[in-house]
Amino acid sequence: MPRAGDVWRSPGAWPRVVASVAVLSIACRVAAQDPRLTNPVADTVYVTYNIQASQGVAAASAASAESQYVAARVVPLATGDGAAGNLPLRPGETPEAAAARYRKVPGVLSAAPELWAFAQDASGDDGVAASDTSAASPFPYYAPTGNKKWDESWAMVKTSVGYVWGRGVGGRSVDTAPSKDGDETRVCIIDSGVDCEHPELKPMCADGAAFVHNRAPQLGLQYAQDESGHGTYMAGLVAAAANDKGMAGMLYKGSALYVCKFMDGDGVGYISNALQCLRWCISKNVALSIAAWGTNLGDMEWDGPDTVGALYWQFQEEMKQQGQRHLLVTAAGNHGRQLREQKDCRSFFFMPAQLKLGNMVVVGATDETDDVWREGGGSATGDTCSAPVEGVGSNYGSRWVDIMAPGRLVWTTRLRTAAEAADGLATYKQVSGTSVATALVGGAAGLILARTWNWAAEDMVEVRVALLEGCDSVQALSRNLLDSSQQVVGGGCRLNAYNALAAYYSDDDDWPWLPPGMCGVEPPRPPPSPSPPPAPRAAAQPAHNSADETAPAAAKAQAPKAAAALAETPQAVAEAAALPQAPQALAEAAAFPQAAAIPSAAATAQL
């Protein structure tokens, strides 16, 4: 059985255990009755101005009929190509009417009702070589068993990532990318921030920004500190450093995490701020972003600049503009629902997962049995549109969900309390949800970037294709749904990180395809090496031999402690007394003051 939530101190300290296995709510800490879940339209309008940031906000203020609000709420965009802000409604005005009014103001580029997004988490030694790791083997395997959670987590094994690591591919940090700056494996996490002082994550965090509702935008890693914990879960799955504390992320050898925070301590945030995060990531030359959150738009119109859901239209247009230069990996959602066309299900339409773009990967979650993750068990067979949306489990449907990956009770890094942070602890937790699966697929995409020294960033659509062509075909995921219009996921596709690289390199002999019988399993580990025989007792060395003086000096420093310890364990002394070396050892120990507290061999034998 896995231990619940191990906590490890920084190097040189002893471990302690803190219980932290938990089942989280579908929208992080947002209660199911939160009205924002059923009506995600906020009481504000997001307005962008067609001015250069260098002109300042004053220009926007002077051009607006709402000048008393603009000066305080509109700020230059981090990308430097304009200004934007959330502006208020007039008394009795609907968000749609306010947006239409703002669009008529000179200098305004766009105006759309603000929307809420929700995080999609949910309920609940460097390593050893396995037997198939010889240089002659085409499939070496690396298992970082020195990290305490490796043997307790099924998910990483199921992704076949150990075969990628066995070939020395595990990501690149700035320090491990010697040829030039920019060869590091860059990944942008658009989320609630990250605990970047966590011992597993500190080596990986590169830069940060924060665009959080009701707060001024802030640039710098110090402002991207996690508040809800969701982003820290994501970062650990992508890039935990495998530093013999608890776990290994997909990019454990190195990554440059760009952390953009737009969600608050409740795991909710404005879509306009998520859009700013996406643009900030792109401005940092990051080709891969992870976005494990979303919004149920229901029957809300969104496909156009003047609709109530226009912010998702803007998000779509930004992704279209990026084309093959950027890949967004996003969560299918945790509602346990079959995703359908909006016209066929007016009560449930989940965004951004249902944008249907060629440079996005939509990820669902599986359990240990390779079936769709659902709390309480049961199979995903297809539901009616009238089914309740409060269910907990992975959304599915081959028309929308591209790939699935492990997402139930997976170990990852946990946001630390202030006390844990002060003690330098590394904390962990088992979590479930499509967020978990999304992070693993994002990490697998990062492995392709790492293996190609970022050449793959020139066409991230090819990376997407490789993820889908290299996946394992799982029977339980390929079954037809009740209406026969979709499978659970196309081709029963479940992540295989190794074969994603094999697909990327096509039939290159340098990266052969992993045979089906080896996919998703760890090869047998070799038996432990026999203990070497005890070394013969060394002859006494001359006193002037300075090369050997360190060991006797260290022994003398430790001997008083050892003698005191022996004084408290007479049974151990009795056992030691039976050894042939006992007379000489006792004589040497008698030279220390603590020796008086040790019973003699004869007295000990009678205890």
Side-chain angles (χ1 to χ4, degrees), residues 1-24 121 124-130 133 141-166 170-171 194-204 226 229 232-255 368 406-417 419-432 436 439-440 443 497 520-529:
M1 290 291 291
R3 291 169 296 180
D6 287 4
V7 182
W8 265 253
R9 292 183 182 273
S10 33
W14 294 98
R16 69 180 185 181
V17 177
V18 172
S20 65
V21 176
V23 177
L24 306 179
D121 58 310
D125 147 299
D126 286 343
V128 297
T133 59
Y141 191 94
Y142 178 77
T145 55
N147 296 276
K148 315 299 180 184
K149 298 305 174 194
W150 176 262
D151 287 331
E152 299 176 14
S153 182
W154 61 278
M156 290 296 189
V157 172
K158 187 71 77 171
T159 68
S160 299
V161 71
Y163 294 104
V164 183
W165 296 341
V194 170
D195 181 1
C196 279
E197 290 298 312
H198 193 293
E200 294 272 21
L201 302 174
K202 188 172 183 178
M204 305 299 185
D226 199 355
T232 300
Y233 300 151
M234 304 297 291
L237 293 162
V238 173
N243 50 15
D244 288 352
K245 289 182 169 56
M247 63 167 293
M250 300 289 278
L251 300 170
Y252 81 95
K253 292 185 73 173
S255 179
E368 300 92 327
R408 181 180 181 277
L409 294 179
V410 179
W411 283 104
T412 186
T413 47
R414 172 174 65 78
L415 174 64
R416 301 168 302 160
T417 65
E420 289 166 344
D423 286 344
L425 301 181
T427 53
Y428 306 90
K429 190 173 190 173
Q430 280 183 304
V431 294
S432 301
V436 174
L440 295 178
V521 296
E522 179 179 336
R525 299 178 188 174
S529 302

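Everything numeric in this text was worked out from a predicted model, so none of it was measured. Quick note: numbers below take in every heavy atom, side chains included, and nothing from hydrogens, waters or symmetry partners.
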Practice item. Considering non-hydrogen atoms only, spot the tightest contact between G407 and W154 and give its length. Key: N-CH2, 4.2 Å

**Study point:** Min side-chain heavy-atom separation M204-V194 under 4.5 Å
**Key:** no

**Study point:** Trace of the side-chain contact (heavy atoms from CB on, under 4.5 Å) decision for L440 with M156
**Key:** CA-CA 8 Å; L440 295 178; M156 290 296 189; 3.8 Å; yes

Exercise for review: Could you check Y428 against K245 for side-chain contact (heavy atoms from CB on, under 4.5 Å), going step by step and ending with a plain yes or no?
Suggested key: CA-CA 10 Å; Y428 306 90; K245 289 182 169 56; 3.2 Å; yes

Exercise for review: Check A240 against T413 and note the closest heavy-atom contact, atom names and distance.
Suggested key: CB-CG2, 4.4 Å

Review point. Quick one: salt bridge (charged side-chain N to carboxylate O under 4.0 Å, His left out) partners of D195, sequence neighbours excluded?
Key: R416

Practice item. Of all the heavy-atom pairs spanning W165 and G170, show the shortest one and how long it is. Key: CD1-CA, 4.0 Å

Check your understanding: Is E200 reaching over with its side chain to a backbone N or O of G246, donor-acceptor style, under 3.5 angstrom?
Key -> yes

Check your understanding: Nearest heavy-atom pair of M247 and G236: which atoms, and what distance?
Key -> CE-O, 3.4 Å

Practice item. Kindly compute the distance separating CZ (R414) from OG1 (T427), expressed to the nearest 0.5 Å. Key: 4.0 Å

Point to revise | Side chain T159, main chain A497, donor-acceptor under 3.5 Å | key: no

Study note, to complete from the structure: Closest non-hydrogen contact found for G424 with P199 is O-CG, 3.7 Å

Exercise for review: Evaluate the side-chain contact (heavy atoms from CB on, under 4.5 Å) criterion for residues S432 and L409: first the C-alpha distance (whole Å), next the side-chain angles of each, then the deciding distance (0.1 Å), finally the verdict.
Suggested key: CA-CA 5 Å; S432 301; L409 294 179; 3.8 Å; yes

Exercise for review: Using side chain to side chain donor-acceptor pair (under 3.5 Å) as the criterion, list what pairs up with T232, not counting sequence neighbours.
Suggested key: D226

**Study point:** V157 side chain near Y141 side chain, heavy-atom distance below 4.5 Å
**Key:** yes

Exercise for review: Report yes if some heavy atom in the side chain of V436 is under 4.5 Å from a heavy atom in the side chain of T412; otherwise report no.
Suggested key: no

Practice item. Take D244 and N147 through the side-chain contact (heavy atoms from CB on, under 4.5 Å) test and state the conclusion after the steps. Key: CA-CA 4 Å; D244 288 352; N147 296 276; 3.9 Å; yes

Check your understanding: Can you list the residues that meet the side chain to side chain donor-acceptor pair (under 3.5 Å) rule with W150, with sequence neighbours excluded?
Key -> E522

Exercise for review: List for me each residue that meets side-chain contact (heavy atoms from CB on, under 4.5 Å) alongside A439, sequence neighbours excluded, and say none if there are none.
Suggested key: M234, L237, V238

